[in-house]
Amino acid sequence: MTRFKGSSPARLVTTFTVPAMPPSTATDLAIDQLVGTQVTDAGDHLVVRSPGRPGYHWGNFLQVAGGDVDDAHRWVRRFEAAFPGARHLAVGLPREPDPAAWETLGLTGDVVESLTAERAPQSTDLPAGYHVAPLADEADWGQRVAAERAENEATGEFPPGEYAEFLRGQCAARRRLVDAGHGHWVGAWTAQGKLAASMGIVVLDARGATRRLARYQSVLTHPDHRRRGLARHLLAVAAQWAADRGAAQWVIVADDGSDAGRLYRAAGFTPGPRAYGYHAASWR
């Protein structure tokens with residue numbers, strides 16, 4: 001296994017260890033590598049690149065491994081050197097920084113919490129009026145992409161045109177994971193065939209262990225169908241698919257302090273390490 005050493009030359013790696021890397025970061029990188037993301041060990045940081053997908057901000061970023069997490073100027077310079085043509089900026093950190101060091105540069109902080117479970121969430125009743133089925137064809141995936149675009153338009157988090165480009169690449173990557181047998185995307189559908197809620201799950205080999213772990217992906221419920229128990233029901237459906245393929249640990253991620261995090265706790269997930277990062281959707 002490759003480990004970080006300050007004297008090491010930059011090199012492309014397929015296995016790596018970041019000190020205190022939370023499960024969210026480790027599983028994100030492992031899943032992205034399944035669909036072509038490249039990770040280069042540059043000593044005190046990783047350079048993560050997703051060729052052909054410049055709009056994937058957290059697929060083209062710097063993951064700090066050592067050094068001063070408050071030296072924002074240094075890490076910004078490292079990012080700019082690694083991604084000279086990037087329109088965004090994204091830097092992941094191994095521990096909590098002083099927010100002021102980054103916010104003075106106009107960057108926004110991202111804090112996500114990793115939650116894990118050693119057993120699959122228990123099944124709950126599916127609310128009346130819905131049925132569950134995998135996302136199977138262009139129309140199904142098109143509904144998923146449309147839902148994500150609508151959510152971004154509601155929040156205004158990313159420029160719409162760039163986000164649409166990102167979603168096209170993301171959808172293609174997810175479908176490759178499904179076709180290769182690594183992943184599964186499942187939805188709750190109305191009687192009229194509208195996608196009300198959906199999520200993915202990807203099964204990964206846990207390094208150094210015989211068991212496999214499963215990482216949930218992008219839980220999303222349409223605003224008109226929230227607070228009905230759809231996401232809670234789909235958690236168990238997706239977990240069972242992963243269990244049938246040898247998963248013995250489940251990982252899910254939520255924004256720090258979010259309603260989603262509270263839902264996952266109620267479903268039996270235990271909160272764990274937080275991942276920190278700073279990001280600007282439009283840097284240049």
Side-chain angles (χ1 to χ4, degrees), residues 13 16 18 20-42 45-65 69 72 75-76 78-80 82-97 102 105-115 145 148-149 151-152 155-174 176-177 183 199-200 202 204 215-220 251-256 258 260 273-284:
V13 295
F16 44 84
V18 173
M21 179 188 283
S24 59
T25 305
T27 52
D28 277 341
L29 291 176
I31 291 169
D32 283 347
Q33 284 186 298
L34 289 174
V35 289
T37 292
Q38 300 170 354
V39 179
T40 302
D41 179 351
H45 64 280
L46 294 176
V47 178
V48 181
R49 291 187 176 89
S50 296
R53 300 180 64 194
Y56 182 15
H57 296 179
W58 288 105
N60 296 278
F61 74 103
L62 216 68
Q63 175 64 45
V64 176
V69 296
W75 298 118
V76 166
R78 291 286 189 274
F79 178 92
E80 292 175 333
F83 301 96
R87 291 176 291 178
H88 72 283
L89 187 142
V91 178
L93 302 172
R95 57 186 179 277
E96 185 175 7
W102 294 84
L105 299 181
L107 297 168
T108 300
D110 292 309
V111 184
V112 297
E113 183 178 50
S114 300
L115 301 97
V145 169
E148 290 182 284
R149 290 185 67 174
E151 182 163 276
N152 182 65
T155 63
E157 185 173 3
F158 300 108
E162 186 175 346
Y163 194 66
E165 176 189 345
F166 157 74
L167 285 177
R168 283 192 291 272
Q170 192 77 330
C171 182
R174 290 169 175 172
R176 289 200 301 274
L177 288 168
M199 67 181 66
V202 177
L204 299 163
R215 165 69 190 272
Y216 286 93
Q217 296 279 281
S218 193
V219 179
L220 182 63
V251 179
I252 200 164
V253 173
D255 290 335
D256 193 34
S258 66
R274 291 173 171 81
Y276 300 88
Y278 280 83
H279 172 259
S282 299
W283 182 243
R284 302 180 187 279

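Counting heavy atoms from C-beta on, the side chains of Cys171 and Glu148 never come closer than 4.5 Å. Within the 4.5 Å cutoff, the side chain of Asp110 has heavy atoms near those of the Trp58 side chain. Side-chain contact check for Leu107 versus Val76: some heavy-atom pair is nearer than 4.5 Å. Taking 4.5 Å as the limit, every side-chain heavy atom of Leu105 sits out of range of all side-chain heavy atoms of Leu89. Contact of the Val64 side chain with the Val91 side chain is registered, since non-hydrogen atoms from C-beta on lie closer than 4.5 Å. Put simply, the side chain of Leu62 reaches to within 4.5 Å of the side chain of Val47, judged on heavy atoms. Counting heavy atoms from C-beta on, the side chains of His88 and Phe79 come closer than 4.5 Å. Between Val251 and Leu204 the shortest side-chain heavy-atom distance does not fall below 4.5 Å.
The environment of Arg149 atom CZ is sparse: at most 12 non-hydrogen atoms of other residues, nucleotides or ligands sit within 6.0 angstrom.
Atom OG1 in Thr40 sits 8.5 Å away from atom CG in Leu46 (nearest 0.5 Å). To the nearest 0.5 Å, atom CD of residue Gln63 and atom CG of residue Leu93 are 7.0 Å apart. Once rounded to the nearest 0.5 Å, the distance linking CD of Gln217 with CG of Leu177 reads 7.5 Å. Note: Thr155 OG1 to Tyr163 OH = 7.5 Å, rounded to the nearest 0.5 Å.
Side-chain contact of Glu157 with His279: a donor-acceptor pair under 3.5 Å is absent, judged by distance alone.
Aromatic pair Phe61/His45: ring centres not closer than 6.0 Å.
No donor-acceptor distance shorter than 3.5 angstrom exists from the side chain of Arg87 to the backbone of Pro54, with no hydrogens or angles considered. Judged purely by atom type and a 3.5 angstrom limit, Arg215 has no side-chain atom pairing as donor or acceptor with the backbone of Thr27. Side-chain N or O atoms of Asn60 include one that pairs as donor or acceptor with a backbone N or O of Arg53 at under 3.5 Å. Ser24 contributes no side-chain N or O that, together with a main-chain N or O of Ser114, makes up a donor-acceptor pair within less than 3.5 Å. Between the side chain of Trp102 and the backbone N or O of Val69, at least one donor-acceptor pair lies under 3.5 Å.
Contact between Gly109 and Tyr278 at its shortest, heavy atoms only, is CA-CE2, 3.3 Å. Closest heavy-atom contact between Trp283 and Glu80: NE1-OE2, 3.0 Å. Of all heavy-atom pairs between Ser282 and Pro159, the closest is OG-CG, 4.0 Å.
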> Does the side-chain contact (heavy atoms from CB on, under 4.5 Å) test come out yes or no for Val202 and Leu34, once each step is laid out?
Replying inline: CA-CA 10 Å; Val202 177; Leu34 289 174; 4.3 Å; yes
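For the side-chain contact (heavy atoms from CB on, under 4.5 Å) test, residues two or more places apart in sequence or in another chain that qualify with Ala260 are Ala254, Ser258, Tyr264.
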